[in-house]
Amino acid sequence: MKVAIGSDHGGFALKEVVLAYLTELGHDIHDVGCFVNESVDYPGFADLVCEQVVKGDADKGILICGTGIGMSMAANKHAGIRAALCSEQYTARMSREHNDANILCMGERVTGPGVAEEIVRTWLSTPFEGGRHQRRIQMFSTL
Ligand code: RB5
């Protein structure tokens, strides 16, 4: 799967962990940054990842900041993006089954590396259920 990933400085260390894990799983990864642990503004990185997903250059996106909150807020401003902030496996699974989330957000200051890997594995491998959930998504979608 083609996965775009981005973070700010608050999510940089966890992004490195997730990148290594995605590589191990054999995904085709596009890292949009940040590339050094210096203070940066998270909305720019959210935009870069969302643009890749909306254009179809990536199948899914992963965004990481300190809490995951800013990234999810910025990502959900994009038409066609359904970003889910997850801190455990259950919501990661449900965000795919019921919400067809196309961006996963996590917070490095909230979620440890082991749980983050579990979330990523579940989120990338869980299909959307469609049916009544498709109708509900269409009710709030702009694309
Ligand atoms: C950066 O300090 C922090 O505000 C950012 O990573 C994120 O948590 C914002 O929601």
Treating Asn76 as the side-chain partner and Ala83 as the backbone partner, does any N or O pair qualify as donor plus acceptor under 3.5 Å?
yes

Ignoring hydrogens and angles, write down the donor-acceptor pairs under 3.5 Å from the side chains of residues 33-56, residues two or more places apart or on other chains.
residue : atom : partner : partner atom : Å
Asp47   : OD1  : His78   : NE2          : 2.8
Gln52   : OE1  : His30   : ND1          : 3.1
Gln52   : NE2  : His30   : ND1          : 2.6

Met1 versus Leu124: any side-chain heavy-atom pair under 4.5 Å?
yes

For the side chain of Asn102 and the backbone of Lys60, is there at least one donor-acceptor N/O pair under 3.5 Å apart?
no

Could you name each residue pair satisfying salt bridge (Lys or Arg N to Asp or Glu O under 4.0 Å) that touches residues 92-110, not counting sequence neighbours?
Arg82-Asp100, Arg93-Glu97, Arg96-Asp100

Any side-chain heavy atom of Cys65 within less than 4.5 Å of one from Ser7?
no

In terms of hydrophobic clusters joined by side-chain contacts under 4.5 Å, are Val32 and Phe12 together?
no

Are any of the side-chain heavy atoms of Leu22 and Ile62 separated by less than 4.5 Å?
yes

Would you confirm whether Glu88, through its side chain, and Thr91, through its main-chain N or O, come within 3.5 Å as a donor-acceptor pair?
yes

Evaluate the side-chain proximity of Asp28 to Val3: yes if any heavy-atom separation is below 4.5 Å, no if none is.
no

Quick one: does Asp8's side chain have a donor or acceptor within less than 3.5 Å of a partner on Gly10's backbone?
yes

Tell me whether Ser95 contacts the main-chain N or O of Ala92 through its side chain, where contact means a donor paired with an acceptor under 3.5 Å.
yes

Results of side chain to side chain donor-acceptor pair (under 3.5 Å) for Arg136 - residues two or more places apart only
none

Taking the side chain as everything from C-beta on, heavy atoms only, tell me whether Phe128 gets closer than 4.5 Å to Gln134.
yes

Using a 6.0 Å cut-off, check whether atom CE of Met73 has over 12 heavy atoms from anything other than its own residue.
no

